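Small disclaimer: the values here were computed from a predicted structure and weren't measured.
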There are 2 protein chains.
Amino acid sequence: MAQRRTARGLLSRGEIVDAALAFAEEAGLQALSLHKVADRVGVRTMSLYRYVRDKDDLLDAMGDAVLTAMTVPEVESMTWEEALAALADAFRAAVRAHPHAAPLLLTRRINAPASLPMVETTLKVLTSQGLSAKEAVHVLRVYIAFLIGTLLREVGTAPTYASDSSALSAGSPDALADSGFPLVADAATELSVCDHEAEMKFGLAMFTAALRERLGAS
Amino acid sequence: MAQRRTARGLLSRGEIVDAALAFAEEAGLQALSLHKVADRVGVRTMSLYRYVRDKDDLLDAMGDAVLTAMTVPEVESMTWEEALAALADAFRAAVRAHPHAAPLLLTRRINAPASLPMVETTLKVLTSQGLSAKEAVHVLRVYIAFLIGTLLREVGTAPTYASDSSALSAGSPDALADSGFPLVADAATELSVCDHEAEMKFGLAMFTAALRERLGAS
DNA sequence: ACCTGAACACCGTTCAAGT
DNA sequence: ACCTGAACACCGTTCAAGT
């Protein structure tokens, strides 16, 4: 073991985080343990503690890494509508690259510097349209809340991408049709299918419409 | 122990779920274990397995219970704007009643029948304004994504309601001002404060504006 | 039918010890 | 400085056993 280590060079925080991310995508986040990560990295569990304060610290670092890997688009030459769509796309791509790790950045406190490039660019788009810093922050929060809710739904199809089209609520159309709720029954077919990309586009269109009105009013 | 049991009557799934919810609010979700729940209920760990398949099954039941406790408002006499606001309010109240358990219903798959009353009422409001079942489902999903993202932010101030005003991203205004991102620095004050109720209202207003436009167009 | 004792493999984390 | 062995209290879960 010590040999394999020296052969590969020193252990590092980055190597540990990468191993943890790889493990999470293979086996799921619940299966992740420091013991398993250590195994994968070829080291004994306790060695991790030189690079990682905690299991929680590791989880934070994983979320951070996923967010850092996001490529923030160049928005200079775009309309604001295109820019917001491109930002959403880039965020979605980063999340989909690590669906099992995604909850770490979607649900843990985003206090990471890693989120700032995206925030900065979004604020640039919004303020370039005449919003004040204050208004831009409110609009940013609505935008992010929508993105998080939408991506959580997409990625919350937790176990290993079970099926591509997943229900909003109860499983089968039949269960919904027999639920005893007339409008749910009417919409059973629609409710039991979810095209994540289309839903994202639909929501972005609503968001854009609302923002356009707000911009016009100012 | 057996005495205490028979004195109180039989153990039940509901009693276990209630104890688990109470424990989660006191000690946090990460501290929740079947051993601790059993302790609280006055029983040995293994007794729980007669009422609960799994720890996961218990967590599902907890989320379900929180959602079931939601009082769906009577919307008959309201405008659709008021109805959507009342629904959001009711959902928010249910979530805030169990902030530590909230992630269970906000991030786990909502396949629960418990969500159907709220879905039914929302669909009623939307279709009453002339939306087709299909359109109503799309709009519903945007609405729910926004609510989930927003409430997750509010409640994600995880540990025991640490502070009422919480940051979107990096902690202190100072850290944001020194982040090297000019627009983030400009908005540092706004970014470091978050009035959750006001943000919810702001987002609902945007959602309502977008929906109004969509209704007018059809 | 309902609860328990004993036991399992596994977990996060510590501390003192090796090189 | 970096890694490890031994050990800790605690997990989720099982199985066979009590009443």
Trainee: Less than 4.0 Å between a side-chain N and a carboxylate O, is that true for A/R13 and A/D57?
Mentor: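 Here A/D57 pairs with A/R13 in a salt bridge, since their nearest N and O are under 4.0 Å apart.
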Trainee: Starting from C1' on C/dG12, measure out to CG on A/L59 and report it in whole angstrom.
Mentor: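 Distance, rounded to whole Å: 12 Å.
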Trainee: For B/Y49 and C/dA6, what is the distance between atoms OH and P respectively, to the nearest whole Å?
Mentor: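 Computing the B/Y49:OH to C/dA6:P distance gives 18 Å.
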Trainee: Of the options D/dC3, D/dT13, C/dC2, whose atoms approach the side-chain atoms of B/L10 most closely?
Mentor: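 The listed nucleotide nearest to B/L10's side chain is C/dC2.
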Trainee: Nearest to the side chain of A/T45 - C/dT13, D/dT13, C/dC3?
Mentor: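 My answer, after comparing the listed nucleotides, is C/dT13.
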Trainee: Checking base pairs now: Watson-Crick or wobble, both atom distances under 3.5 Å. What partners D/dA6?
Mentor: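 When the pairing criteria are applied, C/dT14 turns out to be the nucleotide that pairs with D/dA6.
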Trainee: The side chain of B/M46 is closest to which nucleotide in this list: C/dC3, D/dG12, C/dA6?
Mentor: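 Nearest to the side chain of B/M46 among the choices is C/dA6.
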Trainee: If we call it a pair only when both distances are under 3.5 Å in a Watson-Crick or G-U wobble match, what pairs with D/dA1?
Mentor: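 Its partner is C/dT19.
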Trainee: What nucleic acid atoms does B/S33 come within less than 4.0 Å of, heavy atoms only: base, sugar-phosphate, or nothing?
Mentor: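 Result for B/S33 = sugar-phosphate.
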Trainee: Considering only NZ, NE, NH1 and NH2 on the basic side and carboxylate oxygens on the acidic side, decide whether A/E197 and A/R96 come within less than 4.0 Å.
Mentor: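 Looking at A/E197 and A/R96, the cut-off is not met.
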Trainee: B/L11 CG to C/dT4 C1': how many Å, rounded?
Mentor: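 So the CG-C1' distance, B/L11 to C/dT4, works out to 13 Å.
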Trainee: How many whole angstroms separate atom CZ of A/R13 from atom C1' of D/dC3?
Mentor: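 That distance rounds to 18 Å.
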Trainee: So does B/K201 have more than 12 non-hydrogen atoms from other groups sitting under 6.0 Å from NZ?
Mentor: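 Result for NZ/B/K201: open.
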Trainee: When you check the phosphate oxygens OP1 and OP2 of C/dC10, does a side-chain N or O of A/K36 lie under 4.0 Å from one of them?
Mentor: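 No, no such contact exists.
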Trainee: Please state how far atom NZ in B/K55 lies from atom P in C/dC10, giving the value in whole angstrom units.
Mentor: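 From B/K55 NZ to C/dC10 P: 18 Å.
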Trainee: Starting at atom CD of B/Q30, determine the distance to atom P of C/dC11, rounded to an integer number of angstrom.
Mentor: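 Taking atom P of C/dC11 as the reference, CD of B/Q30 is at 19 Å.
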Trainee: DNA chain D: A/H35 or A/L48, which has the more 5' nearest nucleotide?
Mentor: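 The residue whose closest nucleotide sits nearer the 5' end is A/L48.
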Trainee: Between D/dT4 and A/S47, is there an OP1 or OP2 to side-chain N/O distance shorter than 4.0 Å?
Mentor: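 Checking D/dT4 against A/S47, a side-chain N or O does come within under 4.0 Å of OP1 or OP2.
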Trainee: If only side-chain N and O atoms of B/R50 are considered, is one of them under 4.0 Å from the OP1 or OP2 phosphate oxygen of C/dA1?
Mentor: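 Result: no.
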Trainee: Measure CG/A/L34 against P/D/dC11 and give the value in whole Å, please.
Mentor: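 Interatomic distance, CG of A/L34 to P of D/dC11: 17 Å.
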Trainee: Send over the distance from A/E15 CD to D/dC2 P, rounded to a whole Å.
Mentor: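 Going from CD in A/E15 over to P in D/dC2 covers 14 Å.
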Trainee: So if I take every side-chain heavy atom of B/R44 and compare against C/dG12, C/dG5, D/dC2, which nucleotide ends up nearest?
Mentor: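 Nearest listed nucleotide: C/dG5.
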Trainee: Could you tell me whether A/E15 and A/R40 have a side-chain N and a carboxylate O separated by less than 4.0 Å?
Mentor: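 Between A/R40 and A/E15 there is no salt bridge, as every charged N stays at least 4.0 Å from the carboxylate O atoms.
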Trainee: State whether A/R153 and A/E199 are salt-bridged, where the test is any N-O pair (Lys NZ or Arg NE/NH1/NH2 against Asp/Glu carboxylate O) under 4.0 Å.
Mentor: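 Salt bridge: no.
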